[in-house]
Protein chains: 2
Amino acid sequence: MLHRLTIQGRTVDELRQLAAERRTMAGSKEGHLRTLLLNEASLLEFYAELRAWMECTPAPSVRRGAQMAPTLPAQPIATNLSPLLTTFARRMVLSVSDQQALLSIAQARNFAKGELIVEEGSESAPLLLLCSGAARATRTLEDGSQQIVSIFLPGDPLNPGDFVLGRCGNSISTFSPALVLSIPGAELYPLLQQRPTIMRALWRETAWKAAIQREWLIWLGRKPAEARLAHLLCEIACRSLAGGRDSEDFEFPLTQRELGDILGLSTVHVNRVLQQLRNRKLVDLSRGRLTIFDREGLYEAAEFDSEYLDPAEARARS
Amino acid sequence: MLHRLTIQGRTVDELRQLAAERRTMAGSKEGHLRTLLLNEASLLEFYAELRAWMECTPAPSVRRGAQMAPTLPAQPIATNLSPLLTTFARRMVLSVSDQQALLSIAQARNFAKGELIVEEGSESAPLLLLCSGAARATRTLEDGSQQIVSIFLPGDPLNPGDFVLGRCGNSISTFSPALVLSIPGAELYPLLQQRPTIMRALWRETAWKAAIQREWLIWLGRKPAEARLAHLLCEIACRSLAGGRDSEDFEFPLTQRELGDILGLSTVHVNRVLQQLRNRKLVDLSRGRLTIFDREGLYEAAEFDSEYLDPAEARARS
DNA sequence: CGGCCGTTTGAGCCACATCAACCGGGGTGG
DNA sequence: CCACCCCGGTTGATGTGGCTCAAACGGCCG
């Protein structure tokens with residue numbers, strides 16, 4: 001709220017200036033205050049990037065997206081904004097003006113690693129878009145065990161389905177520090193009426209995530225542990241690739257415990273299966289990095305077919 | 001196509017007349033021809049019911065639905081049409097005119113038991129609505145094993161998600177003889193533009209089904225066989241109830257093999273678990289009927305909470 | 001009446017869970 | 001700067017839920 005007010009009248013350069021000030025101030029501080037300042041700085045930088053993008057009405061960036069460039073080349077556009085824009089253009093097939101309409105009513109917020117974003121059972125959260133970091137949707141059972149039912153990468157909407165149902169069926173929390181845009185229902189509803197393409201885009205995202213959940217159902221129901229793990233790694237690699245990251249070696253913030261909570265396996269068993277994959281020279285996963293040595297082999301082990309992740313056909317008839 | 005043409009100019013009574021003729025003709029025939037005639041008769045009867053409903057513009061029925069009557073009372077409305085209308089009113093929150101707009105471009109078709117409705121991997125099917133019978137969405141793996149990823153009861157849309165993605169991620173086939181409405185994309189697209197409430201309704205249905213799949217993920221990942229089976233039975237009982245059927249004792253067309261394909265269990269084990277539930281006097285399942293003796297106990301065993309199935313809160317802010 | 005499909009029952013086995021201990025690194029407090 | 005601790009990863013031993021294979025049973029349909 002404070003940020004919204006502070007930001008309203010500022011130019012891009014002023015915002016950057018303010019952010020820089022906070023960063024230098026943070027240099028001389030310690031602990032809690034320091035993180036607070038850094039947090040504010042990062043938000044200000046994000047708003048600066050956002051405003052810069054808004055002002056330059058970057059038709060080229062969007063047109064390039066529409067032409068299906070596999071990765072957006074390095075741009076003045078912020079790394080925090082870029083995955084979201086990629087999703088807007090590629091998966092959601094939104095026009096520039098739709099994108100601007102959405103972003104103009106969005107508020108940014110930082111979340112720490114492991115922080116709760118949405119509480120299970122709460123009513124009607126705003127629509128949330130993940131800009132950077134990674135997140136998960138979880139359900140905790142009576143016996144304390146957890147099941148992760150969905151994971152989110154930069155650019156993914158966190159809760160299109162919950163948004164339209166007006167009820168949150170699961171908690172959402174971060175794997176790593178994350179920047180999240182939130183779009184309040186009160187402002188979004190009228191927009192959905194005016195611009196059916198946005199509504200359709202959110203519908204499509206809901207369906208896309210349901211398609212992913214369907215794959216999860218399949219390996220949970222029918223595949224042995226190694227194939228499950230391999231399939232999950234394939235999925236994440238593909239989605240990361242679409243989000244613009246290197247496909248063979250990238251950050252991977254999940255612990256083995258969390259992998260187990262996704263795959264329906266115990267931590268111990270995840271470890272052993274991971275070693276099998278390592279020994280078969282397919283992947284390596286250590287210290288928060290995933291490296292894929294043999295993509296073909298991994299796909300094979302997972303019986304993975306990336307088609308369900310690719311909205312290419314859908315875009316064809318835009 | 002033939003039906004569409006035949007039907008165009010007819011009155012309700014003429015349609016009923018034609019249906020009756022076919023039924024009497026069928027009485028004197030045998031085998032294939034007979035089933036063909038009965039099929040045609042049932043379609044004609046459906047169209048008659050549909051037209052009757054259209055003509056009487058049944059505002060009362062809808063208002064009653066909007067007031068959350070738990071079950072639509074017996075009405076002149078056909079049993080084939082009624083579950084769909086219930087869904088329209090309760091879950092999808094569609095106005096009468098929206099309902100009429102949808103139904104006026106719908107074509108009916110009968111499917112036999114076990115027949116394939118949509119082939120996995122095919123592109124852009126029409127939107128399909130299940131009027132009567134039960135259906136499943138399946139994925140078949142390389143080793144021949146199957147996983148059922150979704151089941152459909154009367155009134156459920158079969159493929160809202162696939163429709164918006166323009167790609168069918170799984171096959172859909174019937175459990176029992178079924179009447180299905182199909183709404184071609186070419187006619188539906190303009191309607192979605194004109195009437196955003198219909199688009200939102202389909203989006204909502206997509207989200208609703210995703211919420212169910214999420215529950216499936218949870219028991220597949222974390223719950224033992226007995227709880228899985230119990231949970232599935234609870235879900236079906238609740239959904240049947242919402243569809244207007246008796247809650248404690250109703251038709252249940254799934255074989256134990258099919259239950260296994262849903263629950264990720266072998267047929268043998270489904271059988272044993274089913275016997276456990278029987279011995280604990282919770283349910284009985286035999287000869288295609290499910291009887292619930294102890295609803296409380298069953299919910300307990302399943303750790304079942306019906307909230308995720310109920311669109312009540314969603315409707316509150318219509 | 002015979003075949004077929006769905007169900008039932010038993011025996012043996014394996015993938016994965018559980019329990020328990022140890023290791024290694026990075027952050028924290030003294 | 002060191003000692004500690006806590007968390008994530010690793011390893012081994014042991015138990016078990018659910019699978020597979022195999023065979024028999026019962027009802028339904030041709």
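Below, chain A is the first sequence line, B the second, and so on; all start at residue 1. Just so it is clear, the model here is predicted, and its values are computed rather than measured.
- One can place NZ of Lys113(A) at 13 Å from C1' of dG27(C), the figure rounded to the nearest angstrom.
- Between Asn271(A) and the phosphate of dG9(D), there is no side-chain N or O to OP1/OP2 separation shorter than 4.0 Å.
- Classification of Arg222(A) and Asp261(B) as a salt-bridged pair holds, one side-chain N sitting under 4.0 Å from a carboxylate O.
- Of the candidates dG18(D), dT9(C), dT8(C), dG18(D) carries the atom nearest the His269(B) side chain, counting heavy atoms from C-beta on.
- Heavy atoms of Arg222(A) sit nowhere under 4.0 angstrom from any nucleic acid atom.
- Rounded to whole Å, atom C1' of dG26(D) lies 12 Å from atom CZ of Arg287(B).
- In this structure, CZ of Phe175(A) is placed 15 Å from C1' of dG8(D), rounded to the nearest angstrom.
- Between the base of dG12(D) and the side chain of Arg272(A) there is a donor-acceptor pair shorter than 3.5 Å.
- Taking atom CG of Leu277(A) as the reference point, atom P of dT10(D) lies 13 Å away to the nearest angstrom.
- For Leu220(A) against Leu220(B), the heavy-atom pair with the smallest separation is CB-CB, 4.0 Å.
- Atom-to-atom, CD of Glu226(B) to C1' of dT16(D) comes out at 16 Å; the value is rounded to the nearest Å.
- Nucleic acid contact class of Gly288(A) (heavy atoms, under 4.0 Å, all strands): none.
- Remark: P of dA17(C) and CG of Leu259(A) are 13 Å apart, rounded to the nearest angstrom.
- Among dC16(C), dT9(C), dA20(C), the nucleotide with an atom closest to any side-chain atom of Pro224(A) is dC16(C).
- Here dT8(C) presents its C1' atom at 17 Å from CZ of Arg257(B), a figure rounded to the nearest Å.
- Between Trp216(B) and Glu235(B), the side chains place a donor N or O and an acceptor N or O closer than 3.5 Å (distance only, hydrogens not considered).
- Considering only side-chain N and O atoms, Gln275(B) lies under 4.0 angstrom from the phosphate OP1 or OP2 of dT9(C).
- Between Arg278(B) and dT8(C) there is a side-chain N or O to OP1 or OP2 distance below 4.0 Å.
- At a threshold of 4.0 angstrom between heavy atoms, the contacts of Thr255(A) are confined to the sugar-phosphate backbone, with no base atom among them.
- For Cys168(B) against Val118(B), the heavy-atom pair with the smallest separation is SG-CG1, 3.7 Å.
- Nearest to the side-chain atoms of Ser266(A) among the listed nucleotides dA17(C), dG10(C), dG9(D) stands dA17(C).
- In this structure, the nucleotide among dC19(D), dG12(D), dT7(C) sitting nearest to the side chain of Leu265(B) is dC19(D).
- At least one side-chain nitrogen or oxygen of Gln256(A) sits closer than 4.0 Å to the OP1 or OP2 atom of dT10(D).
- Comment: Arg280(B) does not engage Glu300(B) in a salt bridge, judged by the lack of any side-chain N to carboxylate O separation of less than 4.0 angstrom.
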